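The sequence lines fix the lettering, A, B, ..., with proteins before strands; numbering per chain opens at 1. The shown structure was predicted, so the numbers you read here are calculated from the model rather than taken from an experiment.
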There are 2 protein chains.
Amino acid sequence: MNACSVRLQIFLQLQAVNKELCSKFESCLGASPSRIEILHYLLQHEEVTQSALQGEVNIDAAAVTRHLKQLEAAGTIVRYKKANDQRATWVKLEEEAKRHIQQSFHEKSQFVDETLAGFSDAELEQFLQMLSKVSENVSLVTKKQLGGENHEPNV
Amino acid sequence: MNACSVRLQIFLQLQAVNKELCSKFESCLGASPSRIEILHYLLQHEEVTQSALQGEVNIDAAAVTRHLKQLEAAGTIVRYKKANDQRATWVKLEEEAKRHIQQSFHEKSQFVDETLAGFSDAELEQFLQMLSKVSENVSLVTKKQLGGENHEPNV
DNA sequence: CGTCAATGTTTGATACGTCAATAATACAGT
DNA sequence: ACTGTATTATTGACGTATCAAACATTGACG
């Protein structure tokens with residue numbers, strides 16, 4: 001409750017909020033945020049390769065593979081290769097699932113709205129900008145490498 | 001990139017930022033945010049029971065137990081029971097580790113500072129408030145239950 | 001053609017979080 | 001003292017993320 005004060009609190013709060021958000025999200029909507037992100041992307045793109053998808057939603061290729069395998073098994077998507085490149089696998093929503101998801105997205109947006117209730121449009125805009133700013137800063141930190149002297153296992 | 005517009009973007013950005021943050025954090029500082037939270041709390045409280053600790057850092061009791069067992073094995077903390085209540089286990093940092101962590105925290109605060117660079121004090125304050133507001137909203141959503149008609153597995 | 005590097009996906013090992021079930025202790029009421 | 005309930009910590013089963021290694025395919029080049 002002292003020292004690093006506000007900044008540290010923000011850091012911690014960000015973690016906390018995110019965790020709560022994920023948890024409620026999942027329990028209210030029956031799918032993890034990651035999965036929703038994937039479906040959301042597929043809803044808007046018709047046909048896409050795994051690697052492209054993986055570039056958009058920010059998760060590991062391995063995780064994408066696993067999600068997609070499950071979604072395929074559940075009949076939500078189809079995966080296939082094309083003649084010109086046998087490496088890439090393409091992904092597409094099943095028509096039936098598509099409709100289903102669109103419906104379900106309506107409910108999702110309600111959820112999102114509620115978590116951001118009480119913000120004016122201006123505030124929302126500002127909030128988004130702040131988040132983007134942080135995101136940018138984070139990538140910069142990476143580049144600067146941040147003198148890594150002390151790398152013992154359990155600090 | 002359309003419909004739910006800003007709010008959805010915020011939602012997604014929040015996820016993204018958090019993920020980046022955790023990832024860089026861990027790679028820069030050699031310990032997961034959860035573990036840091038635990039240590040941070042211990043640094044400020046001398047002696048605490050696991051359940052109290054678990055209440056502060058927002059993670060499952062099972063996860064706390066596992067972290068603490070590792071930290072104990074690494075010689076970072078001690079765990080012990082007291083005569084008056086044999087259920088509770090108390091946790092305390094080892095003196096040596098304590099000094100070590102304090103040092104390491106200095107670097108951590110640098111990290112946090114960098115990720116929040118370019119924010120004025122007022123903005124920081126506001127950012128924190130926004131996060132808290134969201135947090136509050138999320139808990140409200142929980143209570144309202146949010147009509148859960150559609151609970152199929154892979155939406 | 002054969003080799004090599006790049007690309008795209010998959011798998012295995014590992015880490016960490018959740019929930020549910022279990023175990024040990026504490027305590028209150030009869 | 002005995003029984004039932006609450007508290008605390010632990011464990012097991014499971015889901016999902018990561019990284020690193022393996023694998024298949026492609027395309028370039030000698």
Report task. Take A:L14 and A:V17 through the test side chain to side chain contact (heavy atoms under 4.5 Å, CB included) and record every step on the way to the result. Result -> CA-CA 5 Å; A:L14 197 53; A:V17 166; 5.7 Å; no
Query raised in the report: What string of B, S and - do you get for nucleotides 5-12 of chain C, 5' to 3', if B is base contact, S is sugar-phosphate-only contact and - is no contact with any protein heavy atom under 4.0 Å?
Result: -BBSSBBB
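- Here D:dA17 presents its P atom at 13 Å from CG of B:N18, a figure rounded to the nearest Å.
- Contacts of B:S23 with the nucleic acid, taken as non-hydrogen atoms under 4.0 Å apart, are absent.
- Rounding to the nearest 0.5 Å gives a distance of 5.0 Å between CD of B:Q15 and CG of A:N18.
- With rounding to whole Å, B:L53 atom CG is found 13 Å from D:dT8 atom P.
- In this structure, A:I59 atom CD1 and D:dC19 atom C1' are separated by 15 Å, rounded to whole Å.
- Across all strands shown, D:dG30 forms a Watson-Crick or G-U wobble pair with C:dC1, both key distances being under 3.5 Å.
- B:H67 places its NE2 atom 9 Å from the C1' atom of C:dA15, with the value rounded to the nearest Å.
- Taking side-chain N and O atoms only, B:Q54 has no distance below 4.0 Å to OP1 or OP2 of D:dA9.
- Within the structure, salt bridge (Lys or Arg N to Asp or Glu O under 4.0 Å) pairs that include any residue of residues 39-50 of chain A comprise A:E46-A:K98, A:E47-A:K82 (at least two apart or interchain).
- Evaluation of the ring-ring contact (aromatic ring centres under 6.0 Å, His included) rule for A:H45 yields A:Y41 as partners, not counting sequence neighbours.
- In this structure, the NZ atom of A:K19 is 15 Å from the P atom of D:dA17, given to the nearest Å.
- Contacts of B:F119 classified as ring-ring contact (aromatic ring centres under 6.0 Å, His included), with partners at least two apart in sequence or in another chain: B:F127.
- As a whole-Å value, the separation of A:Q86 CD from D:dG27 C1' is 15 Å.
- We find that CD of B:E26 is positioned 17 Å from P of C:dT14, with the value rounded to whole Å.
- Between the CG atom of B:L71 and the C1' atom of C:dA15 there is a distance of 14 Å, given to the nearest Å.
- Applying the salt bridge (Lys or Arg N to Asp or Glu O under 4.0 Å) test to every pair with at least one member in residues 125-136 of chain B, sequence neighbours left out, gives no pairs at all.
- Applying the salt bridge (Lys or Arg N to Asp or Glu O under 4.0 Å) rule to pairs touching residues 61-73 of chain A yields A:E72-A:R79, sequence neighbours excluded.
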